[in-house]
Structures are given as C-alpha cells and as structure tokens.
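Since the structure comes first, as structure tokens, the remarks are kept for the end.
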There are 2 protein chains.
Amino acid sequence: MAHVLIVDDERDLAELIDFNLRGAGFSTRLAFTGEAALAAAREQSPDVVLLDLMLPDLSGIEVCRHLRANSQLRDVLIVMLTAKSEEGDRIRGFEVGADDYVVKPFSVRELVLRLKAILRRSAAPKDSTPPLALGPLRLDVTAHRFYVDGQETSLTALEFRLMEHLMARLGRVQTREQLLEEVWGLSSALETRTIDTHVMRLRDKLGSARALLETVRGVGYRIVDPAAG
Amino acid sequence: MAHVLIVDDERDLAELIDFNLRGAGFSTRLAFTGEAALAAAREQSPDVVLLDLMLPDLSGIEVCRHLRANSQLRDVLIVMLTAKSEEGDRIRGFEVGADDYVVKPFSVRELVLRLKAILRRSAAPKDSTPPLALGPLRLDVTAHRFYVDGQETSLTALEFRLMEHLMARLGRVQTREQLLEEVWGLSSALETRTIDTHVMRLRDKLGSARALLETVRGVGYRIVDPAAG
DNA sequence: CCCTTGCGTGACAAATGGGTAACGGGGAGG
DNA sequence: CCTCCCCGTTACCCATTTGTCACGCAAGGG
C-alpha cells in the first residue's frame, strides 16, 4: 500500500502510530527530528508525511516549507498533527501548507480513516469510467450496477469491489493475499476462508455465468474470458 | 478559471496559499497590506478576494468596506480568513458583507473547496440555463424553482443544491464524500449523518417520486432515470 | 485405493449502514 | 427583542452485510 513517513519527537506516540499504520497495511518510516525527516524524505519519497507541529529542532512548519520547496517532494501529501493547546493562531495559520490536519488527541481509527481518505482522493478523481463488459457480464462502476445476461443483479459493496477487481484482471489468477490486500484494503489478519465464502456468494449471483469465476486450486481465483474457448 | 486576490501580511502564508491556488487552477495576485489590496483590486477586478482579518494598516473589515463602497468592485466575492480567537470579529465581518469566512487552521484542500463552492454558488445565473427535467421532476436553476408532477415544491437553498447536483449526475452514484465536497464545500473525512438527514428531507418533499432517489448501500446515493426502467 | 489437503457450503453471530425522529443553536426577518 | 425556519447533530432501531465456524466432499499424490 502507501508509504508513510511519521515525524514526531515523542517516541512513544510515534511508535504507537507506526504500529497501527503497519497493522492497517501501510509501509512506514519514523523520524524523530525535523532534520531526520527531511533526510528520510529525500532518500525515499513517501506518499504521505505525518508531521507533528512541535519538533525539537525545526518546527513542523519549517519542515513543511522545506518539503514544498523541494521540487522532488513538492507534491507529497502532508498531514499535520497538532495539539489542541497549540492554539496560537498565528502559528496555526501555517497549517494551510498541509493537505489535511488532525488535532490531538485523535483516535488511531480516525487517523487511519483520514489517511485512506486523503490517499483515495489524490489517487484518481475519475468521475466516470466506462463499464467493464465481458461476455454475459457487465459491470458499470460509475452507476454502480452489475448485469448478468442483461439482467441487473444486486451486489453488496464488497461483492462489487471483488467483482470489479477480478474483472479488471481478466484471466490473471489473484491469490487470496492479493485480494485481501487490494479488495479488503488490509494486510491484517482475516481468516483466509472469508474470501472463499465471498466467492461462493458471488457465484450464486452469477447464476448461469458462474463458470466464469474459476478456482485455481492451491493458488487463488480468476475470471476467464468466455470468448477464448 | 477564476482570478483570486490574496491579501495577507504574513508573506509565507500568502505565498503558500498562492502556490496552492495556482496549482488548483486559479489565477492569483498577492497583496500584503490593505492599501495594496485596494490598489490591486481597482487595477484588476478579481472574482474573489481572500482577505485576512489582521492587516498592518487597514483591518480586513476596512478593506471590505472600501470594496463594497466602490461601484466597480461592489459585487466581488469576499472570503475572510480569521483565526479562531478572533471569533468576535467574525460576526462583524459578516455585517460588513463578507460572503464567506474560513477559520484558521484550515487545510489547503478545504480552502480550495470553499472557493470553488462559493464561486459555483454565485456563478452568474445565466439568463437561460435549461431546466433539468427528469420524469416527474423538473428543476429550474434559472428561476430557482423545483416541481414534482408539475406542482411547485419549495426547497431550501441547501436542498436545492443537493438536488441539482444529483440530477445533473443522473444515474451516477455520488459518495457521501463527493457530496460533502461539492455541495457543502467541506473536506472533512469525518463521519457525519448530515447527508443522510438531508436526503431524507429531500425524499419527503419528493412525495410520490421519492423512489427516484436511491440509496446504494455502502457507497452513496443516486438519482435513477425513470425512463430506463 | 487411501490419505491429505484444499475448497464449497450452510448456518450463525456480530458489525455495519442507513432511516427516522427529535433536539438545539443560530441566523433572518418581523 | 422575539419567533420561525434551517440545518447539523445525536440517539435509537432495524435490515443487511460480513466474518467465522464446522462439516463434508473433491482433487491429487503416492
């Protein structure tokens, strides 16, 4: 998933965040000072920088400015962490340099949600996508509708994502791990049988087209092209 | 896109905003004092003035008043930037005639969304925007009227914008996040039931046509085409 | 032909999402 | 100053969705 640079001089907090972000499937890197943060960012461009406002050497504001001044790093996403007590209005105005900010104290859950939201936004604001058509199947992402033999078939949000993922990778086997990561958005521990159950539910809804969703024993699942024999 | 005059005496902040607004496709101009702002505005009428409340010479309120007093500039949109501690002034800002205000701290994204929202809202109601008609529904943007089965139905300003947004995207699912951003002009990824409530209120007013506003569980809302049934 | 391992399936409890009613703050207009 | 209306928030409830388990069949290797 995405790479996050966590910058906070409170090691306990930084490590807590680190632990949880890894659990949520992010790759992470830690920095405890502003200098270290800049060095780390230059070395390995992160997708997001989680930046505490209060640092021992440079302030978060300084770090922010340096990042924005670097043409390599200008477009990195910056999420500011600010304590509620840092109400100094003058200082807080600078947070506009950030793409989002989270006020301490925050729940880890909220932080993860915000990160995912901000990444999703920057990813692809595609307002409309052409429908994926495949033999008797048609999946319209824009309208969020799915048809089998021209007949609309209702899928739950999760089933829809699973079907979209598989159809977009026609013919390629997807392992359970891949599906978990990319459809469920977790690298975390789900029982692997969860996927089997959902595949079964999808097959039920596919009806006569159920043969298009094949099991590859010991590997994973794939959608086959009905046109290819 | 639109031309924005940014007025703030904190140069770093002003330049940060400048950089981001340009990135978002606005053309911009900077002023660091109230006098400079007035001069710049007279010279090149902006569409929006982004006005910090705290300026060294004139206060933002003074600038606001001068703008409103100038027949050339009377209709310019004014967005006040205020720090949280300046709450008292916020009200006065409105009295003088700011069109919107943004409280520091704010994220870049938030500011851009608010600007777009306010521009959209005040977009000169073109003499003839063709009404959006859809089965029993008709929404006349120009006249700001809404009809169900030929019967005029009163919508609040917010409900009207929501309905317009949905009708203009017939058949396409709009996520809550999209609606928050584009109708409300907010970036918060926070969980809120606000949208659900307004959808419910809209449905009430739709009466017999309430089925046209569908919920897509786990995704968002959409208007369906009654002709495509 | 038997054993091992992986998968399909039905059942079930827990979590989630959304509809709805009600409340309260605050602005607008009288 | 007072009242009404708009709008955001909260709380409650229900239906659906989703993760997990247990069981048994099927495939494949020896």
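Below, chain A is the first sequence line, B the second, and so on; all start at residue 1.
As rounded to whole Å, 10 Å separates atom P of D:dG19 from atom CD1 of A:I195. Between the CZ atom of B:R193 and the P atom of D:dA11 there is a distance of 12 Å, rounded to whole Å. Straight-line distance from the CG atom of A:D204 to the P atom of C:dA11: 12 Å, rounded to whole Å. The distance between atom CG of A:L162 and atom C1' of D:dG19, rounded to the nearest whole Å, is 14 Å. One interatomic measurement links the two molecules: CE of A:M200 to C1' of D:dT17, which rounds to 13 Å at whole-angstrom precision. Rounded to an integer number of Å, the gap from A:R217 CZ to D:dA27 C1' is 4 Å. D:dC7 atom C1' lies 11 Å from atom NZ of B:K205, rounded to whole Å. Regarding A:L213, its CG atom lies at a distance of 16 Å from the C1' atom of C:dT9, rounded to whole Å.
At least one side-chain nitrogen or oxygen of A:H198 sits closer than 4.0 Å to the OP1 or OP2 atom of D:dG19. The side chain of A:T194 contributes an N or O atom lying less than 4.0 Å from OP1 or OP2 of D:dT20. Taking 4.0 angstrom as the limit, A:Y221 places none of its side-chain polar atoms (N or O) nearer than this to OP1 or OP2 of C:dG6. The side chain of A:W184 contributes no N or O atom lying less than 4.0 Å from OP1 or OP2 of D:dT18.
Scanning atom types as modelled, one donor and one acceptor separated by under 3.5 angstrom connect the side chain of A:R201 and the base of D:dG19.
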Checklist entry - What's the verdict on side chain to side chain donor-acceptor pair (under 3.5 Å) for B:R169 and B:H165, showing C-alpha distance, side-chain angles and the deciding distance? => result CA-CA 7 Å; B:R169 290 161 184 75; B:H165 184 89; 3.2 Å; yes

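Residue B:R203 is classed as a sugar-phosphate contact, given heavy-atom separations below 4.0 Å to backbone atoms only. Within 4.0 Å of A:T215, counting heavy atoms only, lie sugar-phosphate atoms of the nucleic acid but no base atom.
Judged purely by atom type and a 3.5 angstrom limit, A:D18 has no side-chain atom pairing as donor or acceptor with the backbone of A:A14. The backbone N or O of A:R217 lies less than 3.5 Å from no partner atom in the side chain of A:T215, so there is not a single donor-acceptor pair.
Taking CG of B:L162 as the start and CG of B:L158 as the end, the distance is 6.5 Å to the nearest 0.5 Å.
Two residues, A:T197 and A:G218, neighbour DNA chain C, and the one matched to the more 5' nucleotide by heavy-atom proximity is A:G218.
Of the candidates D:dT18, C:dC23, C:dT9, the closest approach to any side-chain atom of A:T156 belongs to D:dT18.
Of all non-hydrogen atoms in A:V224 and A:A211, the two that sit nearest each other are CG2-O, 4.2 Å.
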